[in-house]
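In what follows, chains carry the letters A, B, and so on, assigned in the order in which the sequence lines appear, proteins first and then strands, with residues in each chain numbered from 1.
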Amino acid sequence: MSTHEPSLAPNFIRQIIANDLKTDKHKGRVATRFPPEPNGYLHIGHAKSICLNFGMAIENNGTCNLRFDDTNPEKESDEYVQSIMRDVQWLGFSWSELRHASDYFEQLYGYAVVLIEKGLAYVDSLSAEQIRAYRGTLTEPGKPSPDRDRPIAENLDLFQRMRAGEFADGQYVLRAKIDMASPNINMRDPAIYRIRRVHHQRTGDAWCIYPMYDYTHCISDALEHITHSLCTLEFEDHRPLYDWVLEQVETPSHPQQIEFARLQLEYTIVSKRKLNLLVTEKHVNGWDDPRMPTLAGLRRAGVTPKAIRDFCERIGLTKQNSWIEMGVLEYCIREDLNENALRVMAVLAPLRVVITNYPDGQTENLEISNHPQRHELGKRSVPFAKTILIEQDDFAENPPPKYKRLVLGEEVRLRGSYVIRCHEVVKDADGNITELRCSYDPDTLGKNPEGRKVKGVIHWVSEAHALPAEIRLYNRLFSVPQPDNEANFLDALNPNSLEVLSDCRIEASLAEATGEHRYQFERTGYFCLDTVDSVDGKKVFNRTVTLRDGWVKD
RNA sequence: UGGGUCGUCGCCAAGCGGUAAGGCACGGGGUUUUGAUCUCCGCAUACCAAGGUUCGAAUCCUUGCGACCCAGCCA
C-alpha cells in the first residue's frame, strides 16, 4: 500500500514565499506564527491556518511561533490556552517559540507613547456611542472628535493616568490619529487602547488598559521578526492600518500581511459564539463531542491528525470564498483509516444463528488477518462455535433485487469462517424473527466450495465469546449544508446526529482495545474506543465515519 | 450609492499570451472471503458576460454583471 505524501500543489502563498526567497527579501528567512485568541477551542477552520503557518515554516526550514492573541481578557481563559496547546501538538506541530501578545504589553505601551509624542495618537473622551456616531458611514466621511487636537502634553498625561487607573472603564480611549474621512473605515482614527478593569489570565491585575488587535498584532509580528503574517480575508482592509502603525514606530521589522480565504465546510459551523451555544445549551455533550467540528471533537471521533493535515492540503489555498463538501473530509479520513485501521468484527443489531450440524460445545479458534492487504499487521484468533450472532440486516425473508446476503435456502460466507446455508426461520408469537437455523459446510474453511460460487460475505461473532458494547453512530450535526444561513441555526440541527446502540456484541479480541488504535468493524465503518465513557464490562465505541457504500439499491 | 476582494466542471483547484492539470463527487468495466480497498475508463471546444488588442486570449485592455468583507472601546 502506498504511503506517499500528497504532492504539494502550488498556491499563491507558496509562490510569494518562493519569490521572496529568490530575491532574498528576508535574508533567506521564513518566519510565521499561528496567533489564536484563547477564547474558545480550536476547530477544523483553525486547522487550515495551523497547517498553513507551520507548513510554510517546515517546508522552508523556517520558524513558526505559537502566539496567543490575549488582548481581551474578558473572553479569554487558561482553559482555552491549555486546549489550544494540546490541539496544536496533537495535530502534529511543534512551535519554535511560545509567545503571548501580553508579553509585549510594556513595549506596546511604549510605542503608544511614541505615537502620542509624534502627534499621531490622542486620548478621546467620547463615549463608545459617540465615537460610532462620529465615525460616519460607508458612504459619508466621519467628523473629528472635539479631543482630536488635544495638546501632546495633555495626551501624554492622560494616557499615563489611564494606565495608573485614575479613570473609570470606558471613560477614555486612546485613538490613532489618521484620517476621519478615509474611505476605509478602519483608518478613521481607530481606538488602540481601552480601559478595562478585568483580571488577565497571564498578567493578572498589572494592567487596567489593554491594547486593541489592530495595534497589537502588527507590532507583535514585528517584534518576533515574522516575515509572512498570514491571516484570513476579513483582515484585508485592516492591512493599511497594519502597515500604518509599523511605519510610524520603529520596530525591528515590517512583516508582510497576506490574506487567504478561511475554510467553510458544509454541514458545520465554526463560529465560536455558536459552538459555545451548542455546548452551554447542551445540544452536544461538550467541546469534545464527536459531532463537534473542534479538533477535540474530531479527535474523540477517531479522526487522525494525518487525515486532517491531508485535508488541509487537498482543499487548496486561495482568496476565493468557497465551500468544501463534507465528502472531501470523509475521503481523507477513510484513506488514512483504510490503510491503518485493524479489521475486527462487531454485530450492531444481533440475530442468533444456530449451526445445527456443528458439534455441541465445540469451539474453533480461527486465525483471521488484521488487514486484508497489510499482512505485516498480523492475525488474531477469533472463536467460532455452534451459536453465532449476525447482523439483522444480513438476513432477509423478502430480499430486494441483487441482495447478496443470507436468505432462506441459500448460502453465504461467514467472514474468515465457513459457508453456511439457512434452513429455517424461527419466529416469536408476534412474527419477529428470533433465530435462524443453518448448516455449515465443513469443507469451506479457507477455500471456496466446489462447483458453486458464494457471492455474499457477512460478519459474525460467537454468542458465547462476544463482549457486550455500546456503539455510538454519529451523523452530521446539521441537516442543511450551510446552517449559518438559517434564521436560527439551531433549527437546522439534525435530530438524528447520534444513534446510541447499547446492546451490541463485539469480538473477543476487542477486550484489549485501546484508545490508540483505530478499528474497522468490517462492513460497517471505522470506529475507535471512547476512552472517556468506556467502563469495565462495557466498552463504548464511536463511529468515526462509515465505509463507502457503493451498493446501488434498485 | 464609499472602500477592499473574488468570479475556470456538481464541489475544490492548477493555469501567469501559445491553444483547459489534478483531487473530491458522479457514471461504467475488472479484481476481491468487507456491496470496502485496489484497478481501468468516462466526465469543461470551454474559463461570469459583452466588446477590443493579438497570428494566437482563461491569461492583456474596456465596459458591464454577480458574490463576499468593512461603520466593536472583539479578534
Side-chain angles (χ1 to χ4, degrees), chain A residues 1-2 6-7 9-11 15 35-37 39 69 71-72 74-76 124 126-129 131-133 135-142 169-175 182-188 190-196 210 212-214 216-217 231-240 259 261 266 272 314-332 334-335 338-339 343 345 368-369 371-373 402-405 412-417 419 444 446-448 454-459 520-525 546-553:
Chain A
M1 191 155 294
S2 67
S7 58
N11 65 50
Q15 288 179 1
E37 180 186 12
N39 68 343
D69 228 328
T71 56
N72 185 5
E74 283 174 293
K75 298 179 177 175
E76 299 157 6
D124 198 347
L126 250 32
S127 68
E129 300 72 49
I131 286 181
R132 191 186 318 130
R135 188 154 29 224
T137 69
L138 294 178
T139 53
E140 300 163 286
D169 286 13
Q171 187 175 153
Y172 286 112
V173 73
L174 182 70
R175 292 228 258 168
S182 173
N184 181 344
I185 290 184
N186 295 303
M187 299 298 270
R188 320 240 264 230
I192 59 177
Y193 265 95
R194 74 284 217 188
I195 303 174
R196 279 284 176 292
Y210 291 98
M212 305 277 295
Y213 168 84
D214 285 305
T216 307
H217 203 85
C231 63
T232 44
L233 251 29
E234 68 269 28
F235 293 105
E236 222 153 13
D237 45 19
H238 291 239
R239 185 169 6 110
E259 311 84 11
E266 288 187 347
K272 282 182 183 172
R314 267 173 201 271
I315 58 176
L317 186 73
T318 67
K319 299 187 72 146
Q320 289 175 56
N321 277 117
S322 58
W323 284 87
I324 307 296
E325 294 178 339
M326 219 11 148
V328 181
L329 210 211
E330 291 179 347
Y331 178 87
C332 295
R334 291 191 185 108
E335 185 179 51
N338 173 56
E339 187 174 333
R343 309 295 126 121
M345 292 191 283
I368 301 180
S369 186
H371 195 288
Q373 283 83 37
K402 295 181 184 171
Y403 188 75
K404 38 188 254 190
R405 283 111 93 154
V412 78
R413 158 76 64 183
L414 293 177
R415 176 70 161 153
S417 178
V419 167
T444 53
K447 57 181 173 182
N448 287 319
V454 176
K455 280 181 305 188
V457 179
I458 63 173
H459 58 277
Q520 183 194 102
F521 290 176
E522 291 212 48
R523 305 205 310 128
T524 96
T546 61
L547 244 33
R548 217 178 112 213
D549 185 4
W551 185 27
V552 278
K553 302 173 181 72

Checklist line | C1' atoms of rU45(B) and rC9(B), separation to the nearest Å | finding: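 Taking atom C1' in both rU45(B) and rC9(B), they lie 14 Å apart.
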Note to self: Say we look at rC61(B) and rG17(B): how far apart would their C1' atoms be, to the nearest angstrom?
What the structure shows: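 Taking atom C1' in both rC61(B) and rG17(B), they lie 13 Å apart.
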So, is [X] close to the [N] phosphate, meaning a side-chain N or O under 4.0 Å from OP1 or OP2?
X	N	result
Thr71(A)	rA75(B)	yes
Arg194(A)	rC74(B)	yes
Gln320(A)	rU8(B)	yes
Arg343(A)	rU34(B)	no
Arg132(A)	rC73(B)	no
Arg548(A)	rU37(B)	yes
Tyr331(A)	rC24(B)	yes

Checklist line | Any donor-acceptor N/O pair under 3.5 Å between rU5(B) base and Glu236(A) side chain | finding: no
Under 4.0 Å between any heavy atoms, over every strand shown, what does [X] touch: base, sugar-phosphate, or nothing? Just pick one.
X	value
Thr524(A)	nothing
Gly456(A)	nothing
Ile368(A)	nothing

Next item on the list: Provide the Watson-Crick or G-U wobble partner of rA67(B), both distances under 3.5 Å; none if there is no partner.
Entry: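 rA67(B) is paired with rU5(B).
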Next item on the list: Once you apply the 3.5 Å cut-off to both distances, tell me the Watson-Crick or G-U wobble partner of rG27(B), or none.
Entry: rC41(B)
Gap between atoms [atom1] and [atom2], on [X] and [N] respectively (whole Å):
X	N	atom1	atom2	value
Glu335(A)	rC24(B)	CD	P	8 Å
Glu37(A)	rC74(B)	CD	P	10 Å
Asn11(A)	rC16(B)	CG	P	16 Å

Next item on the list: Assign the ring pair Tyr403(A) / Trp551(A) to parallel, tilted or perpendicular, where the plane angle (0 to 90°) is split at 30° and 60°.
Entry: tilted
